[in-house]
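The structure appears right after this line, and notes come after that.
Atoms within a ligand are numbered from 1 in the order they appear, just like the ligands themselves. Atoms considered below: every heavy atom in the structure, side chains included; atoms not considered: hydrogens, waters and symmetry mates. Bear in mind the structure is a predicted one, so any value in this text is a computation, not a measurement.
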Amino acid sequence: MRVIVIDDEFDAWRAAALDALAQKLAPESVDWRTAAQAEPGLFNEAAPSEKQAADAPQIRVSRELATLLKDAAHFRDPRRWSFLYRVLWRWAQGDRAVASPADEDGARLYKMAKSVRRAQHDMIAYVRFRQRDASLGAPEYVAWYEPDHDVLAWGAEHFAARMGRSTWLIATPDGAAMFDGEHLRLERRRALASEHATDVPDAAEALWMTYYRSIFNPARLNESALEQHMPVRFWKGLPEGALIPKLVSDARGGARRVAQAQSVGALGGKAVQVDAHDAQPERDAPTSLDTCRRCDLWRHATQAVHGAGPSDARIMLLGEQPGDQEDLKGEPFVGPAGQLLQDAMQRAGVAREQVYLTNAVKHFKWEPRGKRRLHKTPAQQEVEACSYWLEQELHDVGARVIVTLGATALAALFGRRATLSAHVGRVVPYRDKLVVATYHPSYALRQNDEAAREKTVADIVAALELASSLKT
Ligand code: URA
């Protein structure tokens, strides 16, 4: 058994993995350890030097596999390096199934990458900076955060791009990121919250807590929705997190009182009128997309399909709704329309990893046709119900250019009166953004005539080129 010791980072693993491949070391014969796991004095083989790594033969992996490996490398599991090496080894042996979610290793790889991406989104959503007293000097803002996976560096890049020249520090149990207004510095070592003094008084925070207390409606408490929307593990990093347990237990106390009142009420007596809105709170209550009940589409869908892509993407591609495959996989544009869109993006020189892909409606609407589930166009009411989530994405992603694919996406922004024929290929301002309207890729797929189909694809390509050429 060969022991290979690496720094706990993707680049170090990649260099060592390429070297191991060059030596034809089968996965079962390699024991991957990080410096922290290696026993001192043991005869470990060090990872290759930079020079050796540069000399190691390169292998070509698909762009998708490269992204999966990179993302999964942040998954918190000490065995991940040996697992990733097994994936790479199988690929190098010509076993392309390893990159498919239908394969056991492939499925695990997808799951790991997805979990890491979720942790990245969580980090953006749940890091709460507290402003320090100006007399203390830099950093002006501090936050304590406990990510599920090793996403500190990624999150730090995000905040460095978003917070201008403010100085800040994010401390986590495995290290800290510091930004001095110009440079980002990462420090990797185990830390305690108390060490970083992130628990500082903040006047704005006091206001926020008062506000949070005032909007918390005990009569509408739905604990599982609350925990899904704001998972308990993040509470400790959120100012309002400290308030929630007490608010919830007070609300439960209230619920008990109501229950008692109901049993007493059942004994007979005067009927009490209840406001219908209060009696059916779930429909409008703020929930996470995964538990959304704003319309009825969730009932027949496998899951809600979230948008995907970098949260600082300049271009957002807005489709209609997930299709059959998207519904099963939980990712947008992974079926045939997605493949056509991918080809169009390639022709237009737009990298999929750089755009944010989403849909006007997040649940698959379908009707049975034999054994198949046939796409059904969502009603405008459903589009409007779902606009709540689109609004959040428009706000969080901040894309400057939106490409609408098809009539439903266009109507989601401009209302039903906006016709595709009047907008196609045009640039239209929308709030502080620019919208380029084009056809939906499945419209191209439905055309039997080869020339007509190519013309539609060419129009989609042109719209993508136009979107990426816009100066915003
Ligand atoms: N069609 C869409 O509009 N969106 C998808 O995600 C897939 C197909």
Point to revise | Min N/O separation F333 to ligand 1 under 3.5 Å | key: yes

Practice item. Report the part of E320 in contact with ligand 1, treating N, CA, C, O as backbone and CB onward as side chain, heavy atoms under 4.0 Å; options are side chain, backbone, both, neither. Key: both

Check your understanding: With a 4.0 Å heavy-atom cut-off (strictly under), which part of H440 contacts ligand 1: side chain, backbone, both or neither?
Key -> side chain

Practice item. Check each of Y141, Y145, F179 against W168 using the ring pair (Phe, Tyr, Trp, His ring centres under 6.0 Å) test, and report the only one that passes. Key: F179

Review point. For residues E64 and Y110, is any side-chain donor paired with an opposing acceptor at under 3.5 Å?
Key: yes

Review point. Around H158, counting heavy atoms of other residues, nucleotides and ligands shown, do more than 12 lie under 6.0 Å from its NE2?
Key: yes

Point to revise | Which of the ligand 1 atoms, numbered from 1, are nearer than 4.0 Å to a heavy atom of G319 | key: 3 (O)

Practice item. For T67 and E353, test the side chains for any donor-to-acceptor distance below 3.5 angstrom and give the result as yes or no. Key: no

Point to revise | Contacts of K455 that satisfy side-chain hydrogen bond (donor to acceptor under 3.5 Å, both in side chains) - sequence neighbours left out | key: D459

Check your understanding: Near P332, which atoms of ligand 1 are under 4.0 Å from a heavy atom of that residue?
Key -> 6 (O)

Practice item. Go through the structure and list residues passing side-chain hydrogen bond (donor to acceptor under 3.5 Å, both in side chains) with R162, not counting sequence neighbours. Key: none

**Study point:** Residue, atom name and distance, where the atom is the protein heavy atom closest to atom 5 (C) of ligand 1
**Key:** Q321 O, 3.4 Å

**Study point:** Top protein contact for atom 4 (N) of ligand 1, by heavy-atom distance
**Key:** N359 OD1, 2.7 Å

